[in-house]
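Below is one structure, written out as structure tokens; the observations come after it.
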Amino acid sequence: MTTLLFVLGSIAAIVSALSVVTRRNPVHSALSLIVCLLSVALLFLLLGAQFVAAIQVIVYAGAIVVLFLFVVMLLNVKDESAVFHSGIAQKLAALALVFVILVQVVLVAVAGATWLGKEQWLAATGLSFGTVQSVGRELFARYLFQFEVVSVLLLVAIVGAVTLVKKKQ
Amino acid sequence: MLDYVWLVPAFPLAGVLANVFLGGRLGKKFVGLVSCASVALAFASSVAVLVEMLALEPGLRHVERHVFTWFLSADLKVDAALLADPLSVLMMVVVSGVAFLIHVYSVGYMAGDPGYRRYFIYLNLFTFSMLTLVSGANFLVLYVGWEAVGLCSYLLIGFWYEKKAAADAGRKAFIVNRIGDFGFVLGIILIFRMFGTLDFGSVFPRAAEMFPMGSPTITAITLLLFLGATGKSAQIPLYTWLPDAMEGPTPVSALIHAATMVTAGVYMVARCSALYVLAPVSMGVVAAVGLATAVYAASIGLVQNDFKRVLAYSTISQLGYMFLACGVGAFAAGVFHLMTHAFFKALLFLVAGAVIHALAGEQDIRRMGGLRRELPVSFWSFVVASLAIAGIFPFSGFFSKDEILWDTLQARGPLVWGVAAVGVLLTAFYMFRLLFLVFWGKPRHGGHVHRPPLSIDVPLACLAVLSAVGGLVGAPMLFGRHFIKEFLAPVFAGGAGHAASAGHAAAAAAHVSAGAGAAHPVSELGMALVSISIAAVGIALAHRFYVMSPDVPRRLKEKFATAYSVLLNKYYVDEAYGAIFVRPLVAFAAGLWRYLDALVIDGAVNGSANTVAAGSRVLRRLQTGRLQDYALSVALGAVVVLLFWLTRW
Amino acid sequence: MGVTVSQYLAVSALLFAIGVAGVLLRRNMLVVLMSVELMLNAANLAFVTFARMLGGVEGQVIVLFVMAVAAAEVAVGLAIVLVVFRTGETTNVEDVSSMKW
């Protein structure tokens, strides 16, 4: 069952991600992004991170992508004739790089995992793992300071966005 | 007061600073007042030092005052130290006194000049430097003063720098002096190498212990120092800058190029007498150069037509006499002549300035004449000064010059004396030629004669009095004592003691000691009469040529056309120097400029710049301004970092 | 649990690579931003995988921080896109090169 869900979720995530990058119309890209995020949320659930999965759906798929859609609609961008970068060299270089990165990340991740846990999952620490309670306790105890810093970061982002977009008199 | 010797140079320095920082705001009156007052204070303090020194025992008249440690490096310790001994105090009094009178004179002379403040700043700076030069207690302080007076001289010769001749003359003076100063520096370095110190107080006493008579080292040192002196004091072969230096304002010519700076070489040689007496060869060279210069310059002075140039050659010639005196071991006589010369030559130049001022810039004596009545003060001063320089009793020049001639006769025999006496004849002739052409006869100037202001006449009168009676301090036959010689004896005694051991220097040494002149009163009196009569002959000749029958010179000119043109063109020495030294150097420099500088050095500089520019032109393509190209580089960087980690595993 | 850690990480790596390709290749600024989101998501997936593997929640906490940073980034990024569009009538990254010397 888990394996099936993992296969479905990961295939959905990868296909929709490809679709994000390849669609001509930004609206389609944004919709594909939602699908991708939701698939990743499914993977989160499979990994026992219920809270993070919920946040992924609410904040990411809900708020952020909706923001994207708003802007896309606002700008009223037409389909583009040239979707991709103009330089052929740039294109080839980028693709080559992407391939190298892929290989490297896989190597590092697999090697790292092998080295750390020999592909073994640690026993889930009871039912509380990944719940709001356990994550919240960690967040507001050990990571309180970082949490406050992030709140300031968000405030700065809000102020920045407002001042950027504000029309000058 | 002896503890405050430093005040003497400090006052003019304070004047410089006051005029630099405040002079512009407070106006002309302030500038003139400050510079005159500062030099007056310097004069007053040097007189105070002199008075205090006279109260001391002669043996104790040597006071060194350490002002601050200038620098300290391994073996080399140099103090900014000042020395007060009879020689330096005498020089201080003479320099500050003459400088004060010339400052006052300048207030009137430069009144209308736009560079008034600059002029007084330079003039004060010069006074400061000259006082530093004469009061320094080691070779380096002396050298600082030496270079600083050279700088002031350059600045003041080129004071009217818009005039090409003045700017050129300034540069010429500077460059020619540089040649001499190079020798001077080498001499100083050699002294340090040999003695390990530069203090007069330790070099001179040790010289006689460390080196035998006539040692090549001492000869080299003294010859190198003398090379410096020939530059500064305008002796053969480095005299050519002085006549050109007359492009500067006349009071400057009076102060720097007649009374004080050019005598620095004489002062230096006298100061180093302890070294010179150990080197008979150098003494011979000094005497020979002095004698040759004295006669040679006087002969050029015979035919020059520029008022100031005649005086310039006269200065060179008189400096030659001073070196002659030093070269025959009569250092006291040389310094004595330096002093009297300071009075009468400053006076001659100031009169020249007054005349030029009165005639609105006219310098050619052929367009003067008949100024006796219009400028009485100038005229009478000029008469006094001319009599003094010609050596007529009882004016100051008589005593000093006669002493030099007498010492020359004693040390080097009648032949050298005879040549020197020819110089005396020429001196008397050209001075009175000048006097008759300028003040006698019919006016040939056509223009209106301006009456000089009081600030010009008063210094003239003061200097005239000094020129008249200044020699009495060295008149043994009148007073039975030779005050100058006695006063200076402690300075030269050290060297004289050693000189006594060697050949012809013995006679010279005998003369240095006080009262030596009195040992042969009859013959010295006889020789004095001879030299007076020689001078009188010169005067009489001048009178016959330029007053009685004015066409004699013209006929002589036609008869000896070649000789005349050689003299008029100063023996073509400037041209010869130009052909031998200047032009090849200029060509060499031009070659360096065109090939080494323009091709190699500029090529290297421009080449590196072009390389960078070309490289930038290539590398600039990396800066596309497109976001994704930068993102690509970031990704590339990430790849490299990851590769590094993977391979490390 | 038949699925191994490596398989999750492989999915994460693929998503990341697709994101990189999007950032490097697409011309539309909006899509570039979306691709950045993809990359961040890939990282999140890796974090959660490791959290599960090590049995701790720190990884999940960091995912929360990453989401906050992503939100901030999107807010500012979209604001910039808006301003650029307002001045230049374009969303093409290649047209925005006035910072070039």
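In what follows, chains are A, B, ... by sequence order, proteins preceding strands, each numbered from 1.
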| field | Where A/Leu33 and C/Glu37 come nearest, the two heavy atoms and their spacing | value | CD2-CB, 4.4 Å
| field | Interface residue of largest heavy-atom contact number with chain C, from A/Val7, A/Ile64, A/Val162, A/Leu97, under 4.5 Å | value | A/Ile64
| task | Identify which part of C/Val63 has an atom lying under 4.5 Å from any heavy atom of chain A, answering side chain, backbone, both or neither. | result | side chain
| Heavy-atom pair with the smallest gap, counting every atom of A/Pro26 and C/Met34 | O-CE, 3.7 Å
| message | If I take atom CG from residue C/Leu64 and atom CZ from residue A/Phe147, how far apart are they, to the nearest 0.5 angstrom? | response | 9.0 Å
| query | Do C/Arg86 side-chain atoms and A/Val165 backbone N/O form a donor-acceptor pair below 3.5 Å? | reply | yes
| field | Atom group of A/Ala63 that falls short of 4.5 Å from chain C, counting heavy atoms | value | neither
| said: Quick check on C/Val69 against chain A: is it the side chain, the backbone, both or neither that has a heavy atom closer than 4.5 Å? | reply: both
| message | Is A/Val59 in contact with chain C via its backbone, its side chain, both, or neither, using a 4.5 Å heavy-atom distance? | response | neither
| message | Quick check on C/Val83 against chain A: is it the side chain, the backbone, both or neither that has a heavy atom closer than 4.5 Å? | response | side chain
| Of the non-hydrogen atoms in C/Gln60 and A/Gly48, which two are nearest, and what is the gap between them? | NE2-O, 4.3 Å
| task | Tell me, out of C/Gly77, C/Gly59, C/Gly56, who's got the most heavy-atom pairs with chain A below 4.5 Å. | result | C/Gly56
| Closest approach of A/Val150 to C/Ala68 (non-hydrogen atoms, all atoms of both residues) | CG1-CB, 3.2 Å
| Spatial distance of atom CG (C/Leu45) from atom CD (A/Gln56) [nearest 0.5 Å] | 9.0 Å
| request: Can you tell which part of C/Glu73 gets under 4.5 Å to a heavy atom of chain A, answering side chain, backbone, both or neither? | output: neither
| task | Could you tell me which portion of A/Ile14 (side chain, backbone, both or neither) has an atom closer than 4.5 angstrom to a non-hydrogen atom of chain C? | result | both
| Given a strict heavy-atom distance threshold of 4.5 Å, which part of A/Leu95 is in contact with chain C: side chain, backbone, both, or neither? | side chain
| task | Pick whichever of C/Val11, C/Val74, C/Leu82, C/Asn41 has the most heavy-atom pairs under 4.5 Å with chain A. | result | C/Asn41
| task | List in chain and number order the residues that pass ring-ring contact (aromatic ring centres under 6.0 Å, His included) with A/Phe70, two or more places apart in sequence or in another chain; answer none if no residue qualifies. | result | none
| Minimal non-hydrogen separation, C/Arg26 against A/Val20, with atom names | NH1-O, 4.0 Å
| said: Do C/Val31 and A/Val21 have side chains that approach each other closer than 4.5 Å (heavy atoms only, starting at C-beta)? | reply: no
| Given that the side chain runs from C-beta out, which part of C/Leu14 has a heavy atom under 4.5 Å from chain A: side chain, backbone, both or neither? | both
| Which members of residues 35-43 of chain A, sorted by number, sit under 4.5 angstrom from chain C on a heavy-atom basis? | A/Cys36, A/Leu37, A/Val40, A/Leu43
| field | Contact origin within C/Leu15 toward chain A - heavy atom pairs under 4.5 Å | value | side chain
| Among C/Val76, C/Leu38, C/Val23, C/Val81, residue most engaged with chain A (heavy-atom pairs, under 4.5 Å) | C/Leu38
| message | Determine whether C/Asn44 and A/Tyr60 satisfy the following criterion, side chain to side chain contact (heavy atoms under 4.5 Å, CB included), listing intermediate values before the conclusion. | response | CA-CA 12 Å; C/Asn44 283 351; A/Tyr60 242 128; 4.1 Å; yes
| said: For a quick test of reading the model, state the closest non-hydrogen atom pair linking A/Ala161 to C/Ala75 and the distance between them. | reply: CB-O, 3.9 Å
| note | Honestly, the part of A/Tyr143 sitting under 4.5 Å from a heavy atom of chain C is both
| request: Identify which part of A/Phe68 has an atom lying under 4.5 Å from any heavy atom of chain C, answering side chain, backbone, both or neither. | output: both
| Residue pairs, two or more places apart or on separate chains, that pass salt bridge (charged side-chain N to carboxylate O under 4.0 Å, His left out) and touch residues 3-12 of chain C | none
| query | So which part of A/Arg137 gets closer than 4.5 Å to some heavy atom of chain C, the side chain, the backbone, both or neither? | reply | neither
| message | Counting only non-hydrogen atoms closer than 4.5 Å, does C/Ile62 touch chain A with its backbone (N, CA, C, O), its side chain (CB onward), both, or neither? | response | neither
| note | To the nearest 0.5 Å, atom OH of C/Tyr8 lies from atom CG of A/Leu46 at 4.5 Å
| Can you name the residues that form a ring-ring contact (aromatic ring centres under 6.0 Å, His included) with A/Phe99, not counting sequence neighbours? | none
| said: I need the C/Thr49 OG1 to A/Leu47 CG distance, nearest 0.5 Å. | reply: 4.5 Å
